[in-house]
Amino acid sequence: MAEHEGASSDSSSTQEAAQPLLGDLESQRLWGNAPSLDAVEGEVSESCDVSRLLSQQQAGVLRYVQAKGCSKLGEFQEEDGIVFPAFENSQLLTFGSDRRRIDWEGEWRRQLRKIGGGRPQKGSGWANKIGVEAYVVTIRDAAAPERCGLLQPLLKRYQARRCSSAVFALPAVQAVIQFKWARFARRLLMLELCWFLVWLVSFNTFVIAFQDEDLSLSLRQLLASSRGRLTVAAELLALVGMAPFLLLELGTLPAYGVGWVDMWNALDTSTYFIQIAITVMHLGRWWTKSEWLTTALAAQCILLVFRLQWFTQAFQSIRFAFLPIIKEVWDSLRFFFIFMVLIMWGFACAFYIALRRDEDGPEEYSTIITSLLAMFEHQFGDVEMKPMWQSKSPKSATLLAVAYTFVQGTVVINLILGIVINSLDKIMEQQDYKMLLQRARVIDEIESTMPRWMQRRRPEWFPRYVHMLRINPDKLDRVEQDALWSLMGRDEPEVLQERGSTPLKEGHPRHLAGRDDTVDDEDDEDEEEQGKGHDKQGGSGSGDGKGKQGAEAGPAGGRGHEERLVGQVAALQRQLEEQGRLLRALADRLGVPQPSAA
């Protein structure tokens with residue numbers, strides 16, 4: 001029997017609008033183009049595994065994974081009271097199996113009832129059928145650990161900048177990520193997070209206890225007091241909390257080689273180095289009074305908070321991290337930032353020269369360095385004008401202050417804000433792909449440091465094939481908001497809009513035409529009411545008469561519509577003539593010469 005696992009995904013609802021990737025057009029196209037298993041049976045045999053794929057399809061691995069890595073087994077319908085509770089906050093349901101061909105419909109129906117509670121939930125208004133689609137990853141051992149599976153080669157490819165993060169949203173890759181994330185990675189990541197909190201809390205405890213420490217004491221004298229023992233204990237506990245992460249880092253380094261170097265790994269390495277250096281200096285009583293220890297403590301407090309965001313990126317509810325945003329903004333701003341610094345340097349030199357004769361002038365412009373720091377302090381254009389006007393060069397100093405306020409505070413800062421907003425938009429567009437990428441990183445890091453005996457004891461974590469089930473978004477019973485008004489007829493908006501609601505007071509063509517056609521409209525309504533009364537009285541025996549009357553009423557109704565249309569055009573023409581008359585009168589009053597008639 002296949003073992004089931006509901007893969008926690010990037011959505012807070014099974015509805016399309018609340019499911020990124022599920023409602024994404026590109027992702028929907030990838031799932032919709034998945035071929036059937038019979039169509040790829042001859043090309044993707046059960047002997048096709050990841051190693052064979054990488055060796056024989058080197059020129060088109062990604063195309064192969066996209067086109068043939070995932071096959072659709074079929075589709076069936078199930079009650080929404082069973083489907084929605086089973087999916088809960090997930091986009092995919094997955095399970096591993098040793099076989100590619102199984103009784104997929106029967107298996108999924110059993111699993112849906114098992115996860116959803118066995119009975120449809122009541123209190124949902126009415127019962128409905130939901131279309132669900134069953135798929136299978138056709139590549140054997142795609143869920144294998146480390147380099148034998150599909151994730152590590154793709155991660156290496158991504159870190160070498162040979163592919164984008166969108167590759168992790170391919171159906172086959174996404175299914176493997178979701179299966180492993182729900183099967184073991186999420187729980188182990190939570191364990192890592194708890195262990196990291198031990199490191200973080202113990203280090204902050206050490207920093208607080210270290211504040212009032214007498215740095216002239218030896219280690220033995222320090223341990224004689226309860227405050228000293230607390231400081232040393234918190235410091236050693238911080239080292240214990242750091243040790244598992246250092247082992248994880250050493251385990252992933254051989255797998256990636258040079259490609260291991262990236263932003264997050266550089267941050268991790270910095271925290272290890274600084275933590276060890278702090279412990280050596282503090283317990284060894286070396287340079288305790290120097291600025292090195294103070295700087296290391298301050299830097300470690302900030303880096304540990306940034307490192308905490310490594311864990312938050314993988315969770316749907318808190319997938320936000322400042323460090324990737326800072327990196328993205330810096331990539332967009334680095335050349336503009338250099339230009340901004342040059343502007344500040346130019347104005348710093350100008351203020352330093354303009355105020356060089358003011359012995360009692362502002363001290364912030366007394367040297368070129370303090371002038372540059374003053375430019376950073378006043379980069380939003382809040383330069384004080386009074387000291388400039390009271391200087392010995394009031395005109396030049398005031399002109400410089402006004403120019404810097406305009407250039408830096410008005411132009412440059414607003415340009416920077418525009419670039420930052422544009423970078424944030426790019427990040428938000430790719431946040432779903434980035435979350436899948438982060439989960440793939442977490443999974444690979446865990447697998448790279450997992451002992452071999454544990455992998456052998458947990459074969460269900462690495463099945464030969466991954467089966468998945470998803471809700472078909474095209475068959476959801478939902479309101480399409482973009483089509484609310486497009487489904488209405490041409491005359492329906494006029495019916496819904498009252499005549500008195502026109503924005504042009506007594507000037508809308510339909511309103512003006514309505515004054516001429518009011519009597520006709522009322523007569524038509526009277527005739528319709530009379531016709532309805534005759535129909536009710538005539539009963540079923542007046543069928544021929546009604547047909548004859550309808551045939552005669554058709555041309556008459558068409559002529560009435562044409563007359564109303566002619567009246568509306570005439571009203572519009574009168575309105576344009578009236579506007580032209582008003583414009584000519586205004587031109588005469590202003591003395592503007594009018595063009596002569598041709």
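As the structure is a prediction and not an experimental result, all values here were calculated from the model.
Here the two rings, on F196 and F311, have centers that are under 6.0 Å apart. Between F179 and W461, the distance separating the two ring centers is not shorter than 6.0 angstrom.
Side-chain contact of E384 with H378: a donor-acceptor pair under 3.5 Å is absent, judged by distance alone. Between the side chains of T370 and T367, at least one donor N or O sits under 3.5 Å from an acceptor N or O.
Using modelled atom types, no side-chain atom of T410 and backbone atom of V407 make a donor-acceptor pair closer than 3.5 Å. Using a distance-only test at 3.5 Å, with no hydrogens or angles considered, a donor-acceptor pair links the side chain of Q300 to the main chain of T271. Under the 3.5 Å distance criterion, the side-chain polar atoms of N422 are left unmatched by any main-chain donor or acceptor of G418. Side chain of R334 to main chain of D331: a donor-acceptor pair is present (N/O by atom type, distance under 3.5 Å, no hydrogens or angles). A distance-only check finds a donor-acceptor pair linking the side chain of Q221 to the backbone of S218 [under 3.5 Å]. Listed for the R162 side chain is a donor-acceptor partner under 3.5 Å among the backbone atoms of A160. Put simply, the side chain of D444 never gets that close to the backbone of A440: no donor and acceptor are under 3.5 Å apart. Remark: the backbone N or O of L217 is paired with a side-chain donor or acceptor of R285 at under 3.5 angstrom.
E235 places a side-chain heavy atom less than 4.5 Å from the side chain of I278. When side chains are defined from C-beta on, M468 does not count as touching Q174, because their heavy atoms never get closer than 4.5 Å.
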Residues R186, E192; criterion salt bridge (charged side-chain N to carboxylate O under 4.0 Å, His left out); working and verdict: CA-CA 10 Å; R186 186 179 186 277; E192 287 186 23; over 6 Å; no
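Salt-bridge annotation for E447 and R183: absent, with no side-chain N of the basic residue lying under 4.0 Å from a carboxylate O of the acidic one.
Figure legend: R441 and F168 shown without cation-pi pairing, the cationic atom not lying both under 6.0 angstrom from the six-membered ring centre and within 45 degrees of its axis.
Below 30°, between 30° and 60°, or above 60°: for W199 and Y272 the angle between ring planes is below 30°, a parallel geometry.
With F347 as the fixed residue, the ring pair (Phe, Tyr, Trp, His ring centres under 6.0 Å) test singles out one of Y352, Y404, F406: Y404.
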